[in-house]
Every structure is written in structure tokens, then in C-alpha cells.
Amino acid sequence: MARKVILDVDPGIDDAVALAMALFDPRLEVIAVTATAGNVSAEQATSNVQAIIEKLDPPRLPRIGAAREPTGGRLADARHIHGNDGLGNIGVEVAELHQRHPSDKVIVEEVRAAPDAVTIVALGPLTNVARAMARDPELATMVGALHMMGGALGAGNVTPAAEFNIYCDPESAQAVFRSPTTKTLVPLDVTSRVVMTYDQLDQLPGELTATGTFMREILAFAFRSHRNVLGLEGIHLHDAVALVAALHPELFVTEELAGDVEIGGELSTGSTIFDRRPSPSWRPNMEVAVDVDASAVMDCILRGLSAIEMR
Ligand code: RIB
Ligand code: CA
């Protein structure tokens, strides 16, 4: 039986890649895709989720959750990496959602409809997950599993200390980290080890397919932005790596750690702190990926995308 998943995304080129993989993976039943602000505004994130689903036309249509701006948090600009529209400036046109249901409300409804059976894959700031837990205090114990792309054991990316998803809404991230939900965190240290190179574009679905055209358009922007902004000859697909961690945990090494989020520091706001002392006193609250078989994970991503063409 396919595994029920909710993808919480702030598309974002790497979110779009993860979403395409999940929507066509027969092992997964994507029951909802909930938009969150992060790489782009709440409005743009919601439009981008709609556009990706319309462009890819998956076998099963998920519910869509509409994003709302975080109350606290900080706007961290990711347009230099993902484009002004978040999808490589390809220009997405979507019709207004007939009935806009807030993302956190969709999460509560779908988890309550299948207690202990839903995996949430959070690939953006944790605003929606925290709001869903606040909306329904029992929710945290009803989620089957929560997989998060975010945080860093070492250096951040949006500041020296903080990774983007946590930095955008540290208060929500702290609430989620402190919740009793079964959590796995895939931090920047691990996701940055997986790099797609230009020659691997040939393994994507054919240019004549909707997916192939869409992927090539958004990834072309990513290759340019990673070269011009990060000086990289290749691209990171942080969110696709986090999705693979939920599908193939055997490709990762994890440690059970106690993790929390700095929300008050001048220089360290949004940093993730883990108690890795020889005799830790904090109570462990999540599994954290600390190592990865990077080439095997990239193979999974390429296979996941090329499988779309077969459908
Ligand atoms: O730091 C990487 C994360 O920030 C990814 O989820 C990317 O999409 C951005 O949201
Ligand atoms: Ca993301």
C-alpha cells in the first residue's frame, strides 16, 4: 500500500524537483501539497504549487494548501538562487484557487483522517507545521513521521550560523523541534554533499515531455545561479535529498540527537544547536542525518525524474 505523504514546500527549484519525484513515485500517495512562504512570498508559493501540479499533471491530484505569511520570522531573499518567481523566472500563469484552504488547516484535516499513517515531508520554513500543531494540540502525537530539510551542524547558508528554512521562521522551528512528533532532520551539511552536474541533465525526461521541458527550464536557471552566485559548477537539490532520506534511509547515517533553535541571538538567530557533548544533558528529540552516500542519492533523484517519462 502506498505511503501517505504531505509535502510542505516553498517552491523553490529544489522543492519543485522533490515534488515532481514524489507525485510520480508509485510508493507514495501524495495526499496534500501545502505551500509555505520562504524562497518566495506566501502568494507566490501557493501559485507555484498550483503551477507545478498543473504542468506535471500527476496520476493522482493532491489537495493544495494555501500559504500565509509567517507572523514572526525574517524575510530572507532567495530570488538570487531560485529566480524572482521562485521557478527560474519561467513565468507561471495559474487560475485563482476556487476554494483556498490554509495549509495548516489541510495538514490537520489530513493527519486526523489517517492517524499515525501520514508522513509530513517539510521542505521549507516550518510555519505550517507549527501552526497545525497550535491549531490542534493533539496533532503532534498523530503524525506518523516528520522529515525536515533544514538546519546545519556546521556553517549555515543564509548567515554564517543559520540555514535558510530555520532562519525564515525560527520560532516555528523551535516549536516543532520541541514537539513530541517522531522527527528526522536532514541538515545542510548532508544535503550539500549531493551535487547534480550539467552532464546529468541528459538523464532527465525527454525535452518533448511536459516534465522534461519544465525540469530543463528551471534547472537551467539553477545551474546559472549556482555558478554566478555560489561559484559552483553544479547544483544543490537540498529538498530532493531530504525526500530521498524519507524513501531510502539506508543511504544515510543518522544519530539520535537533542536539537533546538536559537531565536534571540544577534548573530546566531535561526541557528540549530545540538547537544553532542560526551555526556549530553539535553533529552534527544530527533534523528539527524550526519552522513550520506551522495552518489547513490543522486542516482535515486535521476531515476525518480526519469521514471516520470515512463508514465
Ligand atoms: O537551505 C536550503 C533550503 O532553503 C531548501 O529547502 C531551499 O528550497 C530553501 O528553501
Ligand atoms: Ca525549500
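Every number for a ligand or one of its atoms is a count from 1 in the order of the listing. For this chain, numbers begin at 1 and follow the sequence in order.
Considering all non-hydrogen atoms of both residues, E29 and R60 come closest at CA-NH2, 3.8 Å.
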Measure from every N or O atom of ligand 1 to the protein's N or O atoms and keep only the pairs below 3.5 Å, writing each with atom names and distance to 0.1 Å.
unit_1: ligand 1; atom_1: 1 (O); unit_2: N157; atom_2: ND2; d: 2.8
unit_1: ligand 1; atom_1: 1 (O); unit_2: E163; atom_2: OE2; d: 2.6
unit_1: ligand 1; atom_1: 4 (O); unit_2: N165; atom_2: OD1; d: 3.3
unit_1: ligand 1; atom_1: 6 (O); unit_2: L123; atom_2: O; d: 2.9
unit_1: ligand 1; atom_1: 6 (O); unit_2: N165; atom_2: ND2; d: 3.1
unit_1: ligand 1; atom_1: 6 (O); unit_2: D239; atom_2: OD1; d: 2.6
unit_1: ligand 1; atom_1: 6 (O); unit_2: D239; atom_2: OD2; d: 3.1
unit_1: ligand 1; atom_1: 8 (O); unit_2: D14; atom_2: OD1; d: 2.6
unit_1: ligand 1; atom_1: 8 (O); unit_2: D14; atom_2: OD2; d: 3.2
unit_1: ligand 1; atom_1: 8 (O); unit_2: D15; atom_2: OD1; d: 2.9
unit_1: ligand 1; atom_1: 8 (O); unit_2: N39; atom_2: ND2; d: 3.0
unit_1: ligand 1; atom_1: 8 (O); unit_2: D239; atom_2: OD2; d: 3.1
unit_1: ligand 1; atom_1: 10 (O); unit_2: D10; atom_2: OD1; d: 3.4
unit_1: ligand 1; atom_1: 10 (O); unit_2: D10; atom_2: OD2; d: 3.0
unit_1: ligand 1; atom_1: 10 (O); unit_2: N39; atom_2: OD1; d: 3.4
unit_1: ligand 1; atom_1: 10 (O); unit_2: N39; atom_2: ND2; d: 3.2
unit_1: ligand 1; atom_1: 10 (O); unit_2: N165; atom_2: OD1; d: 2.9

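In this model, no donor atom of one side chain and acceptor atom of the other lie less than 3.5 Å apart for T36 and D10. In this model, no donor atom of one side chain and acceptor atom of the other lie less than 3.5 Å apart for S172 and R131.
Listed by chain and residue number, nothing satisfies the ring-ring contact (aromatic ring centres under 6.0 Å, His included) test with F252 (two or more places apart in sequence, or in another chain). Residues that satisfy the side chain to side chain contact (heavy atoms under 4.5 Å, CB included) test with I90, not counting sequence neighbours, are K55, D85, L87, V92, F214, E217, I218.
In the displayed structure, R79 atom CZ is contacted under 6.0 Å by at most 12 heavy atoms of other residues, nucleotides or ligands. The neighbour count for R277 CZ, taken as heavy atoms of other residues, nucleotides or ligands under 6.0 Å away, is above 12.
For the ring pair (Phe, Tyr, Trp, His ring centres under 6.0 Å) with H226, the lone residue among H80, H238, H82, H236 that qualifies is H236.
Taking the six-membered ring where the residue is Trp, F177 and F274 present tilted rings, their angle falling between 30° and 60°.
Listed by chain and residue number, the protein N/O/S atoms under 3.0 Å of the Ca ion (ligand 2) are D10 OD1, D15 OD1, D15 OD2, L123 O, D239 OD2, with waters left out.
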